[in-house]
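Please read these numbers as outputs of a predicted model, since none were measured by experiment. Chain naming here is simple, since letters A, B, ... match the order of the sequence lines and numbering starts at 1 in each.
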Protein chains: 2
Amino acid sequence: MSFAETFKALSDPARREILLMLRNKKMSAGEIGSHFDMTGATVSYHLSVLKKADLVYETKQKNFVYYELNTSVFEEIMLWFAQFKGENSDENQ
Amino acid sequence: MSFAETFKALSDPARREILLMLRNKKMSAGEIGSHFDMTGATVSYHLSVLKKADLVYETKQKNFVYYELNTSVFEEIMLWFAQFKGENSDENQ
DNA sequence: AATCTATTTAGAAAAATTTCTAAATAGTTT
DNA sequence: AAACTATTTAGAAATTTTTCTAAATAGATT
């Protein structure tokens, strides 16, 4: 996982919305797309960005592609943020 | 604070690097710039993005502009991420 | 096998971001 | 006040991202 890829993926509002939608259930590409005012091709692009960033993974069933959260990467991001907590050695200069 | 702005700001490697540099000490724009292979103007642009995202704030002293972390926004981002932890109601579908 | 349904890929246009050089600003020192 | 130092702003070029339409793929159904 690269933080560059992960944060880039998180930097788009539609992609963050998709992640929120996937919190409680896996959804097909089409189902995800129907929540947005964009073409299926565009949604597919956003899903590919999330996938490359390992924020989601897909499983295929019939001719549907289901997406779900990959929570493990969230843990790693939390660790990155943890760097900014607490260890304020030289409080002020 | 807008998550759009915050995550956009975090999506650039130089800007993440700047945030890491600011963990323990405030630094002037020039000092920050000397760690990168880019012009002062470019560094100034990145600092302005971080500032707009409320990830840093500046204080002026003499003709130096010092930057330091605004840790409160980090807390809010952590809260955003917390949405993805634990509350897995419908485990699988 | 032909058609239909769901999704992705390709290629192009539009929009946003990143970077630079040159000039402007603002405060400091001589 | 003139010159200097630190930083920002303006404007332009290069790059990347986002979006679309049209075509391609792949599996399912008739």
Side-chain angles (χ1 to χ4, degrees), chain A residues 1-22 25-70 93, chain B residues 1-22 25-70 73 77 93:
Chain A
M1 189 211 48
S2 106
F3 283 112
E5 246 174 1
T6 310
F7 282 113
K8 269 269 161 65
L10 288 169
S11 76
D12 181 271
R15 291 193 294 260
R16 286 197 304 280
E17 185 62 30
I18 291 172
L19 293 174
L20 288 170
M21 284 164 50
L22 293 178
K25 53 183 174 310
K26 69 175 67 164
M27 292 171 81
S28 71
E31 222 177 329
I32 294 167
S34 68
H35 284 70
F36 294 97
D37 186 22
M38 30 170 99
T39 65
T42 298
V43 173
S44 185
Y45 161 74
H46 284 303
L47 289 169
S48 79
V49 173
L50 290 170
K51 205 163 39 179
K52 262 180 242 150
D54 282 330
L55 286 161
V56 301
Y57 58 89
E58 59 177 40
T59 52
K60 301 182 189 192
Q61 254 178 74
K62 299 181 61 182
N63 46 351
F64 295 84
V65 180
Y66 288 95
Y67 286 89
E68 56 194 303
L69 281 189
N70 179 7
Q93 207 72 235
Chain B
M1 186 211 49
S2 105
F3 284 112
E5 246 173 1
T6 311
F7 282 113
K8 269 269 161 62
L10 288 169
S11 76
D12 182 272
R15 292 195 292 260
R16 285 196 304 280
E17 186 61 31
I18 291 172
L19 293 175
L20 287 170
M21 284 164 49
L22 293 177
K25 54 183 174 308
K26 68 175 67 164
M27 293 171 81
S28 71
E31 222 176 327
I32 293 167
S34 68
H35 284 69
F36 293 97
D37 185 22
M38 29 169 101
T39 65
T42 298
V43 172
S44 185
Y45 160 74
H46 285 302
L47 289 170
S48 80
V49 172
L50 290 170
K51 205 164 39 179
K52 262 180 242 148
D54 283 330
L55 285 161
V56 303
Y57 57 89
E58 59 177 41
T59 51
K60 301 183 188 191
Q61 255 179 71
K62 300 182 60 180
N63 45 354
F64 295 83
V65 180
Y66 289 95
Y67 286 89
E68 57 192 303
L69 281 189
N70 178 8
V73 174
I77 301 165
Q93 209 71 239

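Residues B:Ile18 and B:Leu50 are in side-chain contact: their nearest non-hydrogen atoms beyond the backbone lie under 4.5 Å apart. Between B:Thr6 and B:Asp54 there is no side-chain heavy-atom pair separated by less than 4.5 Å. Under the 4.5 Å side-chain criterion, counting only non-hydrogen atoms from C-beta, B:Tyr67 is in contact with B:Lys51. Inter-residue side-chain proximity for B:Phe7 and B:Ile77 is flagged as met; some heavy-atom pair is nearer than 4.5 Å.
Nucleotide C:dA15 holds its P atom 16 Å from the CG atom of A:Asp12, rounded to whole Å. Per the geometry, CE belonging to B:Met38 stands 8 Å off C1' belonging to C:dT19, to the nearest Å. When rounded to the nearest whole Å, the span between CZ of A:Phe36 and P of D:dT19 equals 10 Å.
Interatomic distance, B:Leu47 CG to B:Leu22 CG, rounded to the nearest 0.5 Å: 8.0 Å.
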Indicate every side-chain donor-acceptor pair of residues 36-43 of chain A with a distance under 3.5 Å to a residue at least two apart or in another chain.
unit_1	atom_1	unit_2	atom_2	d
A:Thr39	OG1	A:Thr42	N	3.2
A:Thr39	OG1	A:Thr42	OG1	3.1

Reading nucleotides 3-16 of chain D from 5' to 3' and marking B where a protein heavy atom lies under 4.0 Å of the base, S where only the sugar-phosphate is that close, and - otherwise, the string is --BSSBB-------
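Using a 4.0 Å cut-off, no side-chain N or O of B:His46 falls inside it from OP1 or OP2 of C:dT17.
Heavy-atom distances to DNA chain D give each of A:Arg15 and A:Lys62 a nearest nucleotide, and the one nearer the 5′ end belongs to A:Arg15.
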